[in-house]
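Worksheet: one structure, shown below.
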Amino acid sequence: MAVAEIIPPSRFETSRRLFLKRGFGSPGSLAISVIVFVVLGWIAWSFLDWAVLRAVWRQENVEACGQGGACWAVIDARHRLILFGTYPFGEHWRSALAALAIIATVVLSCLPAMWQARRLAALWVLGFASYYLLMEGSLLGLPQVTTDGWGGLSLTLFLFAAVVLLGMPMGLGLALMRRSEMPVVRWFAMGLIDTIRSLPLVTTLFTAAVVVPLFLPSWLEGDKIWRVIIAFALFFACYQAEVFRGGFQAIPKGQVEAGKALGLGYWSILGRIVLPQVFRHALPSTINMVVVTFKETAIVTIIGFFDILASGKTAFGTAEWAPYYIEVYLFVAAIYWVFIFSLGQYGEYLKRRMTLSER
Amino acid sequence: MSKFLAAGAIVAASLAAPQMAAAQSETVKQIEERGTLLCSGHNGSYFGFVEVNDNNEWKGLDIDLCRALTTAILGDPTKNQIVPLSWAQRFPALQSGDVDVIIKATGWTMGRDTEQGLQFSLPYFFGGAQLMAHGDLGVTEASGLAGGTICVEAGTTIERLVANYLNTENIEHNMVSYESAAELRSAYLANRCDAFAAWGPFLAVLRATEIDNPDAHVILDDQLSAEPIAAAMRQGDENFVDVVNWMLAALLIAEEEGVTSENVEEMAATPPNPRVARLLGAEPGIGERLGMRDSWAREMIAAVGNFGEIYDRNLGKDSPYKLERGLNNLWSHGGVLYAPILD
């Protein structure tokens with residue numbers, strides 16, 4: 001008996017007791033809890049009933065659709081359109097491999113073992129080159145697919161990865177320029193950041209996609225997709241620069257001065273003293289920016305790209321599948337969730353890893 | 001700027017060779033050099049006009065017209081490239097040369113024709129705003145909706161059209177706006193509105209496909225507007241407009257004369273009348289005067305069929321939508337489509 005009193009109750013036991021006490025302790029809270037649980041249970045049950053029990057899964061059984069259950073047959077029939085857009089049907093393996101290349105590149109970049117400028121640069125060049133070679137194809141002797149035909153999940157992932165990977169160094173550069181001691185550089189960075197931030201993303205992208213070719217010479221024009229990626233990356237960089245600036249401001253001046261007193265140069269102070277702390281301070285907002293950017297890639301639909309959301313809309317844009325748009329939206333939402341949830345979890349891991357030194 | 005260049009090139013060309021009757025269009029020349037025709041598609045679909053099938057291939061009325069034009073110019077229906085464009089992007093994309101022509105359910109308006117620097121072809125489709133109401137109300141025209149609730153999509157031209165029309169006709173009504181077509185549809189189906197207003201063909205498609213009992217809903221007779229839908233091109237290349245116009249004309253003449261994708265070779269070998277002979281290139285003229293091959297119309301009809309076949313396949317009786325021809329029939333069958341004279 002004495003032993004039981006000394007050992008503190010487990011965390012599970014504590015929260016269970018707390019739950020029972022707070023939720024069911026008094027008649028009032030008991031009533032509220034019961035009502036809440038009944039309603040929640042009813043919602044969960046109706047969803048389960050709709051999405052699983054009465055659902056139609058296979059394309060062959062499409063006649064059974066529309067009788068109160070979900071019609072996942074639309075996904076069965078149209079998933080390749082949702083995942084790959086209008087990429088030629090026989091070449092989908094290329095689009096799938098290219099998407100895997102981007103995922104692998106992003107996952108590898110997230111591993112601490114890769115965090116050296118040379119390794120990261122090699123990885124990114126390799127990752128993006130394999131994506132381009134597979135998708136475009138003519139350099140590998142495969143049938144050529146121009147960027148107009150790129151679409152679906154592969155395009156969304158590519159846009160996201162390219163924007164973040166280009167935008168992150170650009171953002172850091174802008175943040176440093178904004179702290180520069182040379183007024184011209186400082187004013188330029190401030191002007192650029194404030195201009196881009198005061199324009200909606202849609203306007204920026206529309207300008208890059210549609211207006212720029214009207215005045216650029218055709219040899220400088222490049223493909224629409226590159227112009228859009230650069231504009232999007234610039235947009236990302238301007239916000240990210242402000243995130244970094246917050247990180248810089250959190251560092252006491254004395255550290256830089258101490259570095260100088262020790263005779264360290266600008267780059268040594270920056271790379272060994274300032275930046276590691278800046279990254280740590282800026283981490284939560286950076287993860288936030290990255291997640292928002294992943295979702296914002298859907299905006300490219302207004303300049304005619306077939307990102308995964310636009311492909312989804314096309315999937316139910318025909319007479320046969322028109323009634324089942326909810327199923328398609330749920331499918332696309334699930335895909336977004338998988339990626340964004342993983343990003344969030346990675347952010348949590350980074351935070352734990354970085355705060356180890358502070359414990 | 002490219003517009004000025006193009007205009008300059010045309011001026012230079014007309015000074016250099018004023019005697020040439022069959023001046024080839026600059027745009028056609030570019031298309032031939034490139035080997036593909038760049039057409040507009042739509043990201044996100046547009047029932048019957050632009051869709052993507054289960055094999056990720058484009059289909060629809062607008063797509064078939066693009067294929068027809070591709071066959072006419074390049075002799076091969078597969079040599080087109082569909083560039084997905086959003087609504088807002090289509091005109092700038094045409095001006096910057098991302099596409100050669102816009103065939104995308106685009107209405108012919110004065111502003112587009114003048115300020116936006118576009119040229120339009122013959123209209124190939126007529127459709128306007130209409131109202132759909134619950135059948136149990138027993139109404140057949142808008143006056144029967146007095147005192148009712150009418151739902152529209154917010155911020156569209158339809159919203160303004162409905163208000164204008166009902167106010168002019170002195171029909172009392174409550175208007176409720178919804179942000180998206182999906183919301184609008186579910187509000188209507190949940191009986192929150194007595195009627196809802198949208199583009200006629202869209203209503204018909206909706207009634208045919210998404211509503212369990214199509215007979216329980218009526219599309220009212222009132223035409224709130226009639227928009228001529230036409231292909232749009234850049235200003236400054238009249239010869240290209242000629243090509244697109246005669247492409248549409250040839251499809252209509254073929255339908256009038258009963259030339260179909262199946263009997264076109266027979267008809268070309270033994271033309272029943274001089275008009276068919278000229279159309280199919282058995283008598284010369286149809287190609288040379290446009291700077292093209294004499295066989296272009298024959299190849300085009302063999303590839304995509306005549307206008308009636310294209311309509312039936314995508315919107316009409318062979319499609320899930322079963323849309324009546326109505327206004328979009330030949331003049332000889334009570335519609336308003338007619339071709340210029342092939343002399």
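Here the structure is a predicted model, which is why all the values come from computation and not from measurement. Every chain is numbered from 1, with letters handed out A, B, ... down the list of sequences.
Only the side chain of A/F206 comes within less than 4.5 Å of a heavy atom in chain B; its backbone stays farther off. Contact of B/E57 with chain A is not made at all, since no heavy-atom distance falls under 4.5 Å.
The shortest heavy-atom contact between B/Q89 and A/V210 is CG-CG2, 3.6 Å. A/K224 and B/D98 get closest at one heavy-atom pair: CD-OD2, 4.3 Å.
Ring centroid separation for the pair A/F306 and B/W58 comes in under the 6.0 Å cut-off.
Contact of the A/R80 side chain with the B/D54 side chain is not registered, since no non-hydrogen atoms from C-beta on lie closer than 4.5 Å. No side-chain heavy atom of A/T318 sits less than 4.5 Å from a side-chain heavy atom of B/N53.
For the options A/T146, A/I303, A/V212, heavy-atom pairs under 4.5 Å to chain B are most numerous at A/I303.
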I would like to know whether A/H92 and B/N56 meet side-chain contact (heavy atoms from CB on, under 4.5 Å); could you show each step before the answer? CA-CA 10 Å; A/H92 278 175; B/N56 293 23; 3.2 Å; yes
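Atom CG of residue A/D148 and atom CG of residue B/L38 lie 7.5 Å apart, to the nearest 0.5 angstrom.
With sequence neighbours left out, the salt bridge (Lys or Arg N to Asp or Glu O under 4.0 Å) criterion links A/R227 to no other residue.
Atom NZ of B/K322 is surrounded by more than 12 heavy atoms from other residues, nucleotides or ligands within 6.0 Å. For CD of B/E324, the number of neighbouring non-hydrogen atoms (other residues, nucleotides, ligands) closer than 6.0 Å is 12 at most.
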Got a list of side-chain donor-acceptor pairs under 3.5 Å for residues 131-139 of chain A, not counting sequence neighbours?
| unit_1 | atom_1 | unit_2 | atom_2 | d |
| --- | --- | --- | --- | --- |
| A/Y131 | OH | A/S154 | O | 3.1 |
| A/E136 | OE1 | A/S138 | N | 3.1 |
| A/E136 | OE1 | A/S138 | OG | 2.7 |
| A/E136 | OE2 | A/S138 | OG | 3.4 |
| A/E136 | OE2 | A/Q144 | NE2 | 2.7 |

